[in-house]
Protein chains: 2
Amino acid sequence: MTTNKYDSIYQELAKKIDQGIVKAEDILPSENELSLQYETSRETVRKALNLLAQNGYIQKIRGKGSVVLNVEKMRFPVSGLVSFKELSKTLGRRTCTKVHEFGLIHPDPYLCKQLKAEPDDEIWRIIRSREINGEHVILDKDYIYRKCVPMLTQEICENSIYEYIEDELGMKIGFAQKEFVVEACTDEDEKYLDRNGFDHIVVVRNFVFLEDATLFQYTESRHRLDKFRFVDFARRGR
Amino acid sequence: MTTNKYDSIYQELAKKIDQGIVKAEDILPSENELSLQYETSRETVRKALNLLAQNGYIQKIRGKGSVVLNVEKMRFPVSGLVSFKELSKTLGRRTCTKVHEFGLIHPDPYLCKQLKAEPDDEIWRIIRSREINGEHVILDKDYIYRKCVPMLTQEICENSIYEYIEDELGMKIGFAQKEFVVEACTDEDEKYLDRNGFDHIVVVRNFVFLEDATLFQYTESRHRLDKFRFVDFARRGR
DNA sequence: GAGTGGTCTAGACCACTGG
DNA sequence: CAGTGGTCTAGACCACTCG
C-alpha cells in the first residue's frame with residue numbers, strides 16, 4: 001500500500017480493529033512478537049503502535065501490553081483536518097454542495113490580516129452552502145492564495161477542493177489551526193442558510209498550512225447551532 | 001527537571017521559542033548538530049523535535065530543517081486536556097470557582113450509560129460555576145468514580161480537582177474524549193449562570209481516562225455562548 | 001554535492017505488571 | 001520471576017533542498 005513499513009503495519013492493525021477482528025479490551029501481540037510477525041525491528045513496530053495510540057485505537061500499558069480501546073465513538077473522524085466530503089461520507093446522510101459565489105479578488109484589510117496577504121495578492125474566493133437532508137445548514141467561505149493554486153473551477157468547488165489540491169496538484173497539507181466561537185448571524189447567513197429561527201451561529205475559523213509551512217487557505221465555516229457537533233480525542237502532552 | 005532526556009530537550013527548546021530567544025521563521029540547528037550539543041543520539045533528538053512539531057512549535061521540512069512557527073495564537077493552550085485552573089492562568093482574567101453542590105450519589109440510568117457504571121457504584125457529584133470578570137459564565141458538572149478517588153473535599157473542588165488527583169494522589173491522566181454541541185438552556189443553567197438573555201448554551205461533554213485506560217470521570221461543561229472559545233491544532237494523520 | 005530530515009536496524013538497559 | 005512497554009544508542013541508507 002504505502003511505502004512505509006511502520007505505516008503499513010499501522011494500517012493493517014487499524015483495519016483489524018475497525019473490522020472487529022480484534023475487539024475492545026483485547027491485548028495486541030507484544031512488540032517483540034509483532035516484530036517477529038512483520039519481520040522488522042521493534043522500533044518500527046513501536047512507531048506503528050504509537051500511531052494507533054495517537055489515533056485512539058489502543059492504550060499502551062507498561063508491563064501489560066497494548067489494550068484495544070472500545071471506540072465506536074472514540075474515533076469519530078471529525079477531529080482534525082477532515083473535509084466536508086469526507087465528513088458527509090461518515091455521516092451517511094444526503095448531502096449536497098451549492099456554489100453561490102466564485103471568483104478572484106484582492107483581499108480587503110480584514111483578509112490581509114487573516115491571510116497575512118498584501119493588498120495586490122490574488123485570492124480565490126468561494127462561497128458555498130452545504131445541504132444536509134434538504135436543509136442548508138452550513139455556510140463555507142473559502143479564501144485561497146492563487147499563487148498556491150493557479151487554477152480552480154466552479155466544478156471543482158462543487159466536488160471537493162481538498163481532493164483536487166491533494167490528488168490532482170499533488171500538494172500536501174501539513175497542519176491547520178482551528179478556532180471555534182459562537183457569533184450573531186449576519187445578513188449573509190440569512191441569505192444563504194435555512195436559519196430556522198436561530199439568531200446565533202457556530203463559526204469555525206480554519207487556517208490551513210502546507211507541508212512547507214506556508215499558509216495557503218483561510219476558511220470560515222458557519223454551522224447552524226442545532227447541526228453542529230465536534231469530537232476531539234486528546235492525549236496528555238501530545 | 002524530568003528524568004527523560006528527550007523530554008528535557010523538548011522542554012528546553014520549547015522554552016527558547018516561548019521566550020522568543022528563537023524567533024518564528026528561524027531554523028533550529030540540524031538534528032546532527034543538536035545531537036552533538038546535547039551529547040545524545042540523533043533518534044533521541046528526533047523524539048524531542050517530533051514533540052515540538054506535534055505541539056505546534058515547529059514544522060520539520062525535509063532537506064531544509066526545522067522551521068519555528070509563528071505561533072502566538074497557534075499554541076493557545078485550550079486544546080486538549082487543560083483544566084479550568086490552567087486555563088484561567090493563561091486567560092489572565094479574574095476568575096473564581098463556586099461549589100454549589102457536592103456529595104456522593106448512586107448513578108441514575110443516564111449516568112450509568114455515560115460512565116458505564118452500575119446502579120450501586122458510588123460516584124462523586126460536583127456542581128460548580130466559574131466566574132470570569134464577575135459573571136458566572138460556565139457551569140461544570142463533574143462525576144467521578146469513588147473507587148478511583150476515595151476522598152474528596154469541598155476545598156479541593158474550589159481549587160483544582162486535577163491538581164489534587166495528579167499531584168496528591170499521583171494518578172496519571174491518559175487520554176480524554178470531548179464532544180462539543182449547542183443545546184437549549186436548562187433550569188439548572190438558569191439557576192447557576194448569568195444567562196444574559198441567551199437561550200442556548202455550548203455543552204462540552206468530556207470523558208477522562210487514566211493511563212491504564214479506565215474511565216474515571218465524566219464532565220459536562222456548559223459555557224455561555226458569548227464566552228466560549230476553543231482552539232485546535234491538528235496535523236495530517238495524527 | 002553537501003546537508004537536511006525520514007526510515008530502519010539490532011542491539012542494550014530500565015521500570016513496571018503479573019503470577 | 002519472566003514478560004511487557006519506555007528509553008537510548010550508533011550506526012545505515014534514502015529522498016529531498018539548495019547552491
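Here is the naming used below: chain letters follow the sequence lines, and residue numbers restart at 1 for every chain.
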| remark: Intra- and inter-strand pairing of DNA chain C, written as dot-bracket with Watson-Crick and G-U pairs under 3.5 Å and | for the latter, reads ||||||||||||||||.|.
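For the pair B:P119 and B:C112, the minimum side-chain heavy-atom distance is below 4.5 Å.
Checked against ring-ring contact (aromatic ring centres under 6.0 Å, His included), B:F102 has the following partners two or more places apart in sequence or in another chain: B:W124. Scanning for salt bridge (charged side-chain N to carboxylate O under 4.0 Å, His left out) contacts around B:R205 gives B:E179, B:E183, B:E220, with sequence neighbours left out. In terms of the salt bridge (charged side-chain N to carboxylate O under 4.0 Å, His left out) criterion, B:K47 has no residue partners (sequence neighbours excluded).
The stretch residues 21-30 of chain A participates, sequence neighbours left out, in no side chain to side chain donor-acceptor pair (under 3.5 Å) pair at all.
Note: A:F209 and A:F175 have parallel aromatic rings, judged against thresholds of 30 and 60 degrees for the angle between ring planes.
Nucleotide D:dT4 holds its C1' atom 12 Å from the CG atom of A:L34, rounded to whole Å. Computed from coordinates, the A:L36 CG to D:dT4 P distance equals 11 Å when rounded to whole Å.
Ring pair B:F207/B:Y218: centre-to-centre distance below 6.0 Å. Two rings, from A:F180 and A:F230, have their centers less than 6.0 Å apart.
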| request: Could you run through nucleotides 1-9 of chain C and give me one letter per nucleotide, 5' to 3': B if any protein heavy atom sits under 4.0 Å from the base, S if only the sugar-phosphate is that close, - if neither? | output: --BBBBBBB
